[in-house]
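Just below is one structure, and these are the notes that go with it.
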Amino acid sequence: MGAPPDAPQPPDSEPSPTPAAEPSPDHPHVSVLPLETLEALKLRPGDLAVDATLGAGGHAAAMLDALAPGGTLLGLDVDPEALELARPRLESLAAAKDVKLLLVQSNFRELGSVLDAHLAGRAPRGILADLGVSSMQLDRPGRGFSFRFDAPLDLRMDPRLPHTAADLLRALSETEIADVLFHLGEERRSRAIARWIVEARRRGHPVQTTGQLEELVRRALKVRGHQRIHPATRTFQALRMAVNGELDALEAFLAAAPERLAPGGTLGVISFHSGEDRKVKQAFKLQAQTGRFQKVHKSVLRPSEQEERANPRSRSAKFRALRRLEDDAPAL
Ligand SMILES: C[S@@+](CC[C@H](N)C(=O)[O-])C[C@H]1O[C@@H](n2cnc3c(N)ncnc32)[C@H](O)[C@@H]1O
């Protein structure tokens, strides 16, 4: 297994807080590339659109606006807490703007079956996926997403998933743990960390909490004092992606979503990890080669300096969009 081909992007797991990105009751999560995504989707009143990663509903609120009046918005999230948090604001917005709102707890890998179950025979004009974690997930101590709070090492976005990150670290071999950290976290010292994790297990003290893992990574990497990026960031990101099967879900979504678009419709994906962006780039390239789709932008879109300053979490964001040609016949 070689080194990841792209230069590592700063991991997204632990954004450094600034006033603008600081969660507040009104803005528990600051949406990334809000104007660029809306511009690419080109939603019109009466259209059907899908926000495949609802989160705090920031992008969804803007999409609702563009669909008014008479449109329909389907919002998905694997995390029931995200849906419940976004629901009141989106429901009152939807009612005020005469837009039909459907919120479903689902992984976007199931987009096809959710559309068939709830909106049979209708094809979305726009589908958006804003990948990764939300600030609410990182900031809720009990979720075990962050080393800033000591909590059981969970990292599941969907609490129905059978295995937590702690389960994974108990079950995988040293080599498997190292591979996860290297490939999903781009952690160059993955072997040292894996050795310490397995050694703790051998001594009868398997890693069970976020605090224990953070401490163990520090010791494995012999870190002292302050670092710009916390030394455990890559390890947490890798475990989160493994626990939630994030790359597999993305692959399934990228295979299914373009076919569900209405002719002229657009699929947009914001990613925060080079492994994710590689998959998006490759999938869109293959779709464009069929002659039925075209890439919306010549090259990947990145946040402006101004957005990066206001919302440091946006720094590693990459946005790509794919449009189904107007004259492409809908799949039967
Ligand atoms: C970056 S946040 C989205 C923020 C949202 N766009 C906003 O403006 O508030 C990502 C959300 O996607 C959800 N998520 C991640 N992977 C998912 C998947 N495979 N299917 C559905 N939701 C997913 C997470 O639970 C999280 O709430």
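Remember, it's 1-based here, ligands and their atoms both numbered in the order they're listed. Along the sequence shown, residues are numbered consecutively beginning with 1.
Look at Asp116 and Arg260 and you find a salt bridge, because one of the NZ, NE, NH1 or NH2 atoms lies within 4.0 Å of a carboxylate O, short of that distance. Remark: Arg87 engages Glu84 in a salt bridge, criterion side-chain N to carboxylate O under 4.0 Å. At a threshold of 4.0 Å, the pair Arg143-Asp154 does not count as salt-bridged, since none of the basic side-chain nitrogens sits closer than that to a carboxylate oxygen. Between Glu199 and Arg202 a salt bridge is recorded (basic side-chain N to carboxylate O distance below 4.0 Å).
Within a 6.0 Å sphere centred on CZ of Arg302, other residues, nucleotides and ligands contribute more than 12 heavy atoms. Arg170 CZ: more than 12 foreign heavy atoms inside a 6.0 Å radius. Counting non-hydrogen atoms of other residues, nucleotides and ligands closer than 6.0 Å to NE2 of His163 gives a total of 12 or fewer. For CZ of Arg218, the number of neighbouring non-hydrogen atoms (other residues, nucleotides, ligands) closer than 6.0 Å is greater than 12. Within a 6.0 Å radius of CD in Gln289, other residues, nucleotides and ligands contribute more than 12 heavy atoms.
Nearest non-hydrogen protein atom to atom 22 (N) of ligand 1 is Val78 N, 3.3 Å. Among all non-hydrogen protein atoms, the one lying nearest atom 19 (N) of ligand 1 is Asn107 OD1, 2.9 Å. Looking only at heavy atoms of the protein, atom 17 (C) of ligand 1 is closest to Phe108 CE2, 3.7 Å. When only non-hydrogen protein atoms are considered, atom 15 (C) of ligand 1 lies nearest to Met157 SD, 3.3 Å. In terms of protein heavy-atom proximity, atom 12 (O) of ligand 1 is nearest to Thr53 CB, 3.2 Å.
Distances from atom 10 (C) of ligand 1 to the heavy atoms of Gly55, Gly132, Gly75, Ala82 put Gly132 nearest. Proximity annotation for atom 26 (C) of ligand 1: of Ile270, Asp77, Leu128, Asp79, Asp77 comes nearest, heavy atoms only. If you check each of Ser135, Ala252, Ala56, Ser31 against atom 8 (O) of ligand 1, the one with the closest non-hydrogen atom is Ser31. Considering Leu54, Val133, Asp130, Asp248 only, the shortest heavy-atom separation from atom 6 (N) of ligand 1 involves Asp130.
Using a non-hydrogen distance threshold of 4.0 Å, Arg313 registers as a contact of ligand 1.
Of the possible polar contacts, one joining the Asp167 side chain to the Thr164 backbone as a donor-acceptor pair under 3.5 Å is found. In terms of modelled atom types and a separation under 3.5 Å, the side chain of Ser173 and the main chain of Glu176 share a donor-acceptor contact.
Proximity of Ser106 to ligand 1, defined as any heavy-atom pair under 4.0 Å, is confined to the backbone N, CA, C and O atoms. Contacts between Gln105 and ligand 1 below 4.0 angstrom, taking non-hydrogen atoms only, are absent altogether. Contact annotation: for Val32 versus ligand 1, there are no heavy atoms closer than 4.0 Å. If you look at Ala52 next to ligand 1, the close heavy atoms, those under 4.0 Å, all belong to the backbone. Contacts with ligand 1 closer than 4.0 Å are made by no heavy atom of Arg109, backbone or side chain.
Each of the atoms 1 (C) of ligand 1 lies under 4.0 Å from some heavy atom of Leu131. Taking every heavy atom of Gln137 and a limit of under 4.0 angstrom, the matching atoms of ligand 1 come to 24 (C), 25 (O), 26 (C), 27 (O). Listed by number with element, the atoms of ligand 1 under 4.0 Å from a non-hydrogen atom of His29 are 1 (C), 4 (C), 7 (C), 9 (O).
The shortest N or O to N or O distance between Asp51 and ligand 1 is not below 3.5 Å. At under 3.5 Å, a nitrogen or oxygen of Gly58, whether backbone or side chain, sits near a nitrogen or oxygen of ligand 1. Of the N or O atoms in Gly57, one or more lie within a sub-3.5 Å distance of an N or O in ligand 1.
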- Query: Can you check side chain to side chain contact (heavy atoms under 4.5 Å, CB included) on Lys281 and Val300, steps first, answer last?
  - Reply: CA-CA 9 Å; Lys281 184 178 172 184; Val300 68; over 6 Å; no
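Between Phe253 and Phe108, the angle of the ring planes lies from 30° to 60°, which puts this pair in the tilted group.
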